[in-house]
Amino acid sequence: MNEIRVGLLGLGTIGTGVARILIEQQELMSRRLGKTLRLAAVADRNLEGDRGLDLSGVRMCSDAQDIVTAGDIDLVIELIGGYEPARSFVATAIEHGKHVVTANKALIAKHGEELFPLARKHGVAIGFEAAVGGGIPCLKALREGLAANAVESVYGILNGTCNFILTKMENEGADYAEVLKEAQELGYAEADPTFDVEGVDTAHKLSILASMAFGSRIRFDEVFTEGISNITAADIEAVRELGYRIKLLGIAKPHGQNGQVESIEMHVHPTLVPVEAQIAQVSDSYNAVQVSGDFVEHTMYFGRGAGERPTASAVMADVMDIARVLPGGVEYLAPPMAYVEEERRDVATLPMADVECEYYIRLMVNDEPGVIAAVTSILADQRISLEAVLQKERHAGHQVPIILMAHETTEGNLQAAMARITELAAVNENVLILRKESFGA
Ligand code: HSE
């Protein structure tokens with residue numbers, strides 16, 4: 001099979017990038033593959049408009065169904081995004097014996113566990129490098145480069161839109177809504193940007209990473225998820241003065257004994273990271289994934305997490321991996337989820353109440369005697385030890401911010417204390433809780 005015929009579903013930002021790379025880099029890729037990748041067909045509901053591409057000789061379809069069932073397509077690239085109709089098109093393509101490459105993290109997080117067995121049944125491959133970390137080849141690193149390690153933790157800045165927003169808010173004091181609009185114009189944001197800013201996109205990606213890292217089945221619905229939409233410029237400034245940055249992190253760690261993974265903690269939330277930590281240096285739409293393994297120690301993968309060209313680059317890496325082993329031969333590819341299917345386990349997610357963190361708590365309180373004493377006595381009752389208490393302003397009779405830095409405790413314990421603290425008459429309900437991570441690198 002010296003020519004691989006590619007069908008592309010979706011000609012939006014990423015689809016345009018993939019069509020462009022297939023055209024512009026064809027010769028380079030052929031020299032690396034010893035085979036030719038030919039863009040044979042493209043489907044999009046809206047084929048109007050000039051995307052700056054010469055698609056002459058490419059079959060243009062307004063219905064993706066025509067591509068996933070076509071006899072003259074070997075490999076389908078799904079770039080529609082979202083759960084449906086992407087899931088149906090991918091399933092149909094597999095049932096018609098086509099290999100599939102997708103950048104769709106929502107699809108893999110939610111439906112991967114039904115699509116992987118379907119692909120095995122039909123002897124085809126599924127590639128999804130572009131689904132996590134945009135252009136960073138982090139899944140390949142985890143699946144292949146770190147294959148001999150027991151993974152000890154995975155941390156990631158996994159959403160370019162949120163990182164872009166937080167960076168601009170910190171560096172330029174920019175307005176949240178304005179920066180979100182800019183991220184959308186640059187093609188970073190999801191079709192529904194609440195998936196970005198509410199942490200859902202990061203949770204999709206974290207659930208895939210955790211499953212690959214720990215040999216467990218994907219449990220996206222169990223990821224604890226908080227977004228960045230309630231972070232204000234004042235909060236960013238307050239943590240900066242304390243030597244921290246706020247990053248939206250996805251965090252996954254295994255728990256168990258004697259090398260057995262008995263449960264996995266998975267959480268996504270705005271996180272305080274020390275300004276000198278490497279992950280704190282990751283700015284704009286860049287992503288970073290930090291994986292620690294028992295032999296390799298700390299590793300970190302960095303690059304553009306979103307956008308047309310970086311994501312197209314990751315899509316094509318998968319296409320080339322699959323093309324290399326054709327015809328037949330998909331059994332020579334590394335298992336998509338990094339463990340052979342029979343060895344993947346159904347591992348429980350550690351309840352968030354049992355997860356241990358350090359905390360930054362910002363309260364708004366009436367500036368009157370005894371408030372800090374009342375708050376700290378509740379924390380002491382819950383056996384939560386404090387590293388620092390700061391009152392930032394003096395404004396008798398008005399509300400002022402109080403910042404508490406708490407040593408490690410469980411989320412359940414912290415929430416029990418917060419429920420009592422917010423019942424105090426002098427404490428406003430406007431509370432910001434940020435979890436803190438220190439990092440080994
Ligand atoms: N909306 C995603 C982001 C695109 O901002 O990172 C890449 O998955």
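Just follow the structure's listing: the first ligand is 1, and inside any ligand the first atom is 1. As a basis for the values below, the full set of heavy atoms in this structure was taken, side chains included, without hydrogen atoms, waters or symmetry mates.
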[X] and ligand 1 - part of the residue with a heavy-atom distance under 4.0 Å:
X	result
Asn287	neither
Asp196	side chain
Ala189	backbone

Original post:
Considering only protein heavy atoms, which is closest to atom 6 (O) of ligand 1, and at what distance to one decimal place?
Top reply: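 Of every protein heavy atom, Gly160 N, 2.7 Å lies nearest to atom 6 (O) of ligand 1.
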Original post:
In terms of residue, atom name and distance, what is the protein heavy atom nearest to atom 8 (O) of ligand 1?
Top reply: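 Protein heavy atom with the smallest distance to atom 8 (O) of ligand 1: Lys105 NZ, 2.6 Å.
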**OP:** Mind telling me whether Phe195 and His204 have parallel, tilted or perpendicular rings, with 30° and 60° as the class edges?
**Re:**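 His204 and Phe195: tilted rings.
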Subject >> Aromatic ring pairing Phe302/Tyr286, orientation class (parallel under 30°, perpendicular over 60°, tilted between) >> reply: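 Plane angle under 30°, so parallel.
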Subject >> Minimum heavy-atom distance Leu242-Leu390, with the two atoms named >> reply: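 Minimum heavy-atom separation between Leu242 and Leu390: CD2-CD1, 3.4 Å.
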Original post:
Taking the six-membered ring of Phe214 as reference, does the NZ or CZ atom of Arg219 fall below 6.0 Å from its centre and within a 45° cone about the axis?
Top reply: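 Arg219 over Phe214 ring: no.
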**OP:** Find out whether the Lys NZ or Arg CZ of Arg435 is both under 6.0 angstrom from the six-membered ring centre of Tyr360 and within 45° of the ring's axis.
**Re:**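 Arg435 over Tyr360 ring: no.
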Under a 4.0 angstrom heavy-atom cut-off, which atoms of ligand 1 come close to [X]?
X	answer
Gly305	6 (O), 7 (C)
Lys205	2 (C), 6 (O), 7 (C), 8 (O)
Tyr188	1 (N), 2 (C), 3 (C), 4 (C), 5 (O)

Original post:
Hey, does Gly134 sit under 4.0 Å from ligand 1 if you only count heavy atoms?
Top reply: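 Under 4.0 Å: no for Gly134.
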Subject >> Shortest heavy-atom approach to atom 5 (O) of ligand 1 - which of Thr202, Ile157, Ile14, Thr161 >> reply: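 The nearest heavy atom belongs to Thr161.
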Original post:
CZ of Arg20: more than 12 outside heavy atoms within 6.0 angstrom?
Top reply: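 Yes, CZ of Arg20 has more than 12 neighbouring heavy atoms, counting only those of other groups under 6.0 Å.
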Original post:
Can you tell me if CD on Glu297 sees more than 12 non-hydrogen neighbours from other groups inside 6.0 Å?
Top reply: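 12 or below, so no.
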